Amino acid sequence: MKFIKYNTFLAGLLCTAFQVQAAPAGMADPLAYTPYFNQTQTGFDLHFNDQHYRLLETQVNGKVIRFRAYEKIVYVQHPLEPDYQTLNFYVPEAYFNGETINGFSAQTAPIFLPNAVGGYLPAKAATYDQKSMGDSGKPNAIVTALSKGYVVASVGARGRTLEQNGKYTGKAPAAIVDLKSAVRYLHFNDRNMAGDADKIISNGTSAGGALSALLGASGNHPDYAPYFKQLGAADASDRIFAVSAYCPITNLEHADMAYEWEFNGLNQFSRIDMSQLNAATFNDRSKPMPKIEGELSAEQIRISHQLKSAFPNYLNSLKLKDENGKPLTLNADGSGSFRDYLKNIVLQSAQRSYRQGEDLSGYTWLKLGKNGVTDLDWHGYIHSAKRMKSPPAFDGLDLSSGENNLFGSETVNNRHFTAYSLAHSTQKSTIAPPDIIKIMNAMNYVNNPDAAQHWRIRAGTADRDTSHAISAMLAVKLQMSGKRVDYQMPWNVPHSGDYDLEELFNWADSISK
């Protein structure tokens, strides 16, 4: 039976019948749940089938949440990697009984769309019982969303290390094409699925945050059209309603210079050993991430100076203005109103923390007064911890970075993506095509007419994985284009996400109701 959204009375009757019919059939038994149930002889059927689900329950803050789990739905007709090109669709059981949750019904519930991408590595669709990052034991974003009445479409995507029959299958732009294809599946089946496909809210962290932002900015843009035909994506919209992006690793072609603008002069580093990182080690948080400690060489310091000096020209070319219309610019030495803008964002974060009762007296680079934080020493803030990456931070001269791997091709594993690193490369290499580099950067689509209207961007003050300028430039550009942007740097938060789920869903509620 179909779940016809736009006739509430009929939907209630159908869903009640479906519940009585399906529940005794043993769908709660995971062994009876057939993966890839939408596979046919000619590909995968893109029509949602409401007959295949498990009825599950979990607890969130002591409250029992019952929900239906439609899992391992392949969202394109001709997937290259069906283990990854899938989505898990979770719906509160209350909606099949005509009930409401948090003011939402089966027809009006927003669709929360998280991706689990990290490091631009391949990511399978996260499940309702997947442990939260850091193994904190707290409810993860999926079950938290369900407890607040959201329908959840957890999405998997190909990544840079996948290989099949001697060809690489997950290089750029595979991940964003997959996420957009999943959104098309949801729009294509909107009439027969719970939740409102016109209110899709994406969520991601790090590379996943960058993809969340790119998904929101690039809705329905024709640049991606050629890739959908190859996969057999649904002929539907890929526009989304809102974006949640934690510490987005985006704007990669300008990230090297932005990193050195912020961290130039800080020569001690502690970074993840990308050569030892793969999807298994990234997702296994029972073991520490492999790291390399050291100090920049004289050659790396020289490179840092060169990259830093190039950033002001790029920043000034964006013609940024704050919410009051004041230009945000940089001088040749790296100082200027844009740096002051970032300094003020950090100050606001410190002041919020102070008002919440945190003792900030140990931060010698903060100036405290009787009413809180009054100033900070930018140099002291930058030098209060080691940098994470050595220059160039992203486009490695020796092609060793994860981003070099991302911009490979079907037959070439690693490529450069900046003119600087290509010119100074220590390895024989080519540069990725300009159109591929373009369609991986959310900054290129902020003025897209079908870009998401609502944005929540977070990058912690203790994050050193990319420059804070990256998220700030994106936030300002979005504000200038008329978007509603909630941008903050949470105090002393490192490179991470989903640490403030209550605040996240308060924001989601505020834009959805």
Side-chain angles (χ1 to χ4, degrees), residues 118-121 159-163 166-168 170-173 206-207 210 249-279 281-282 289-314 334 386-438 440-441 464-467 469-470:
Y120 288 102
L121 291 162
R160 58 185 172 82
T161 57
L162 291 177
E163 186 176 0
K167 290 186 177 181
Y168 301 109
K171 304 301 187 184
S206 190
I249 303 293
T250 189
N251 204 352
L252 292 172
E253 64 268 40
H254 302 106
D256 289 337
M257 59 180 72
Y259 199 90
E260 298 314 316
W261 166 79
E262 183 166 351
F263 298 112
N264 176 260
L266 177 60
N267 297 333
Q268 293 75 36
F269 64 82
S270 175
R271 59 181 171 83
I272 296 171
D273 183 359
M274 298 301 293
S275 67
Q276 302 297 315
L277 189 65
N278 54 40
T281 57
F282 183 87
M289 301 284 273
K291 287 191 173 182
I292 298 175
E293 307 274 345
E295 188 164 345
L296 300 187
S297 67
E299 175 62 13
Q300 289 173 325
I301 292 172
R302 185 184 69 82
I303 293 170
S304 175
H305 291 325
Q306 289 180 340
L307 290 169
K308 174 192 173 183
S309 67
F311 184 65
N313 282 340
Y314 169 66
K386 296 178 181 179
R387 62 158 61 214
M388 183 172 284
K389 297 177 177 178
S390 52
F394 297 93
D395 192 354
L397 302 185
D398 60 356
L399 296 174
S400 64
S401 79
E403 289 74 21
N404 290 132
N405 195 228
L406 169 68
F407 282 106
S409 67
E410 278 191 350
T411 56
V412 178
N413 200 19
N414 304 290
R415 290 189 296 193
H416 289 299
F417 51 92
T418 66
Y420 179 92
S421 289
L422 179 66
H424 298 85
S425 182
T426 62
Q427 304 291 324
K428 185 177 180 181
S429 176
T430 57
I431 193 168
D435 61 319
I436 299 295
I437 298 170
K438 176 193 174 185
M440 292 302 295
N441 186 354
R464 305 213 159 194
D465 205 283
T466 193
S467 171
I470 295 297

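Being a predicted model, the structure only gives us computed values, none of them experimental.
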Asker: Ignoring hydrogens and geometry beyond distance, is a side-chain donor-acceptor pair present between S304 and N264 at under 3.5 Å?
Answerer: yes
Asker: Does some side-chain heavy atom of D465 sit less than 4.5 Å from a side-chain heavy atom of K389?
Answerer: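 They are in contact (side-chain heavy atoms under 4.5 Å apart), so the answer is yes.
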Asker: State, yes or no, whether a side-chain contact exists between F417 and N404 at a heavy-atom distance under 4.5 Å.
Answerer: yes
Asker: Can you classify the ring geometry of Y314 versus H254 as parallel (below 30°), tilted (30 to 60°) or perpendicular (above 60°)?
Answerer: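 Y314 vs H254 ring planes: parallel.
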Asker: Is any side-chain heavy atom of E260 closer than 4.5 Å to one of Q300?
Answerer: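 Side chain of Q300 against side chain of E260, heavy atoms only: no contact under 4.5 Å found.
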Asker: Please tell me if the side chains of P391 and D256 come closer than 4.5 Å, counting only heavy atoms from C-beta onward.
Answerer: no
Asker: Only one of T161, N414, N413 passes side chain to side chain donor-acceptor pair (under 3.5 Å) with K171; say which it is.
Answerer: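 Checked T161, N414, N413 against K171; only one passes side chain to side chain donor-acceptor pair (under 3.5 Å): N413.
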Asker: For A207 versus I249, what's the shortest heavy-atom pair and its separation?
Answerer: N-CG1, 4.0 Å
Asker: Any side-chain heavy-atom pair from F269 and I292 closer than 4.5 angstrom?
Answerer: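 Yes; the side chains approach each other to less than 4.5 Å.
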Asker: Can you label the angle between the F263 ring and the Y259 ring as parallel, tilted or perpendicular, going by 30° and 60°?
Answerer: tilted
Asker: Less than 4.5 Å apart, any side-chain heavy atom of Y420 and any of Q306?
Answerer: yes
Asker: Of the non-hydrogen atoms in I470 and N251, which two are nearest, and what is the gap between them?
Answerer: CD1-CB, 4.1 Å
Asker: Might you point out which heavy atoms bring S429 and H416 nearest each other, and give the distance in Å?
Answerer: OG-CD2, 3.4 Å
Asker: Can you see which heavy atom on L252 is nearest to which on F394, and at what distance?
Answerer: CD2-CD2, 4.1 Å
Asker: Would you indicate whether the side-chain heavy atoms of S401 and D395 approach each other to under 4.5 Å?
Answerer: no
Asker: With side chain to side chain donor-acceptor pair (under 3.5 Å) as the test, would you mind laying out the steps for T418 and E253 before giving the verdict?
Answerer: CA-CA 6 Å; T418 66; E253 64 268 40; over 6 Å; no
Asker: Before giving the answer on salt bridge (Lys or Arg N to Asp or Glu O under 4.0 Å), spell out for K386 and E295 the whole-Å C-alpha distance, their side-chain angles and the decisive distance to 0.1 Å.
Answerer: CA-CA 10 Å; K386 296 178 181 179; E295 188 164 345; over 6 Å; no
Asker: Using the side chain to side chain contact (heavy atoms under 4.5 Å, CB included) definition, which of the options I301, I303, L266 pairs with L296?
Answerer: I301
Asker: Taking all atoms of both residues into account, what is the closest heavy-atom pair of P433 and R415, and its distance?
Answerer: CD-NH2, 3.5 Å
Asker: Closest approach of Q427 and D398, non-hydrogen atoms and distance?
Answerer: CG-O, 3.5 Å
Asker: Would you say the side-chain atoms of W261 pair up with the backbone N or O of P312, donor to acceptor, closer than 3.5 Å?
Answerer: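 No; judged by distance alone, with no hydrogens or angles, the pair does not exist.
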Asker: Tell me whether S425 contacts the main-chain N or O of L397 through its side chain, where contact means a donor paired with an acceptor under 3.5 Å.
Answerer: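 Such a contact is found between S425 side chain and L397 backbone.
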